[in-house]
Protein chains: 2
Amino acid sequence: MLNEGLPPGSEVDLKNGMKETFQQYLSERGLKSTLQRNIILDTFLHIDRHVRVDDLCLILRAEHRNMGHATVYRTLKLFVESGIARELRFGDGFTRYEPVTEGKQHDHLVCNVCDNITEFKTGAIEQLKDEIVRSHGFQVDTLKLELRGVCRQCIRQ
Amino acid sequence: MLNEGLPPGSEVDLKNGMKETFQQYLSERGLKSTLQRNIILDTFLHIDRHVRVDDLCLILRAEHRNMGHATVYRTLKLFVESGIARELRFGDGFTRYEPVTEGKQHDHLVCNVCDNITEFKTGAIEQLKDEIVRSHGFQVDTLKLELRGVCRQCIRQ
DNA sequence: ATCGTTGCAAAACTTTTGCAGTCTG
DNA sequence: CAGACTGCAAAAGTTTTGCAACGAT
């Protein structure tokens, strides 16, 4: 362990942890650590927020002219399989991905006016999970909560 | 009013109300009530559950050989605009539509094993809406809650 | 008669797949 | 040096659009 001295929850710590997790995932499966995968991971973690695949491609291609979009799609799927990313679909036709930051569970507020997507947290969710297990015998793995409406800025205008 | 005698919340009542709403929506906007639109609406209401567009097309084409899928897509969008239907996307690439039945708010449990989608109700949601308004100044119009995991049947097997 | 609507086909879009050449372990 | 990976192009799949013929008001 190289970052013993750092506070355990720091940004850098988290990101390094995710990189480690990904490298481990690759080697465990006989997959390879390539230049492209590392570039995509760095860029993805640097953005540090949900991002559309085509946006990520654009950002990547700005620096790396011949990065194939197929590679980006394939790599993002690997991120999800390794557990360091989550796939998001808000139903507008674009798939988004975001880093999985443990202990930072959040959901999304989508503004119907400006289309901005805001993250928010709520404690009411965990209770809900328990309720579902009890009433439906359904084992909950993931929970997706999305609220649409009008955001503060757009209400004011 | 033709159905005065019926209990106000009955199936028939609800569906007739939705048909009326749709007809009113059309005439208000100078749009036309056509054979196809009425067939699609009847079939859609008869299914009475979320349905994939391509499934609905198949069902419709069984009876009406030359119903165009473009017409189905266009009509379903009209349903949403008129407020009698809701668009659902679970992120599997298929758009689904379901009738909006007021006072029957429900959400969805998606099983990762058998891919079945179950509807469920919970009371915890309304509190959550209020919480969001207070803490984020966000005016909530619609709320989408989706839980993924393993359903009762699949747990048993 | 006007203008919205339909059905067909083609286009548009995101995402996936096939393949020859390249690079990692 | 075997086999995984990349980048390109083409394919796949759903949804949208253009257009001539049709139909509702």
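The structure presented is a predicted model; accordingly, all values stated were derived computationally and were not measured. All chains are named by letter (A, B, ...) in the order of the sequence lines, taking the proteins before the strands, and each is independently numbered beginning at 1.
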Heavy-atom neighbours of B/His64 NE2 exceed 12 at 6.0 Å: yes

Please determine whether the number of non-hydrogen atoms from other residues, nucleotides or ligands lying under 6.0 Å from atom NE2 of B/His106 exceeds 12. yes

Between the protein and nucleotides 9-16 of chain C, which nitrogen or oxygen pairs are less than 3.5 angstrom apart?
from, atom 1, to, atom 2, distance (Å)
C/dT14, O3', A/Gly93, O, 3.4
C/dT15, OP1, A/Thr95, N, 3.0
C/dT15, OP1, A/Thr95, OG1, 2.4
C/dT15, OP2, A/Tyr73, OH, 2.4
C/dT15, O5', A/Tyr73, OH, 3.4
C/dT16, OP1, A/Lys77, NZ, 3.2

Please step through side-chain contact (heavy atoms from CB on, under 4.5 Å) for the pair B/Phe138 and A/Val150, ending with a clear verdict. CA-CA 6 Å; B/Phe138 188 98; A/Val150 188; over 6 Å; no

With ring-ring contact (aromatic ring centres under 6.0 Å, His included) as the test, would you mind laying out the steps for B/His136 and A/Phe120 before giving the verdict? CA-CA 8 Å; B/His136 287 78; A/Phe120 79 97; 5.8 Å; yes

Within this structure, what is the [atom1]-to-[atom2] distance between [X] and [N], rounded to whole angstrom?
X	N	atom1	atom2	answer
B/Arg74	D/dT16	CZ	C1'	9 Å
A/Ile40	D/dG7	CD1	C1'	12 Å
B/Met67	D/dG23	CE	P	14 Å
A/His64	D/dT6	NE2	P	13 Å
B/Arg65	C/dC8	CZ	C1'	16 Å
B/Ile39	D/dA24	CD1	C1'	15 Å
A/Leu60	D/dG7	CG	C1'	14 Å

Any carboxylate oxygen within less than 4.0 angstrom of a Lys/Arg side-chain nitrogen, looking at [X] and [Y]?
X	Y	value
B/Glu146	B/Arg148	yes
B/Lys15	B/Asp42	no
B/Glu98	B/Arg96	no

For B/Phe79, which of B/Phe22, B/Tyr97, B/Tyr25, B/Tyr73 qualifies under ring-ring contact (aromatic ring centres under 6.0 Å, His included)? B/Phe22

DNA chain C contacts among residues 26-38 of chain A, heavy-atom distance under 4.0 Å: A/Lys32, A/Ser33

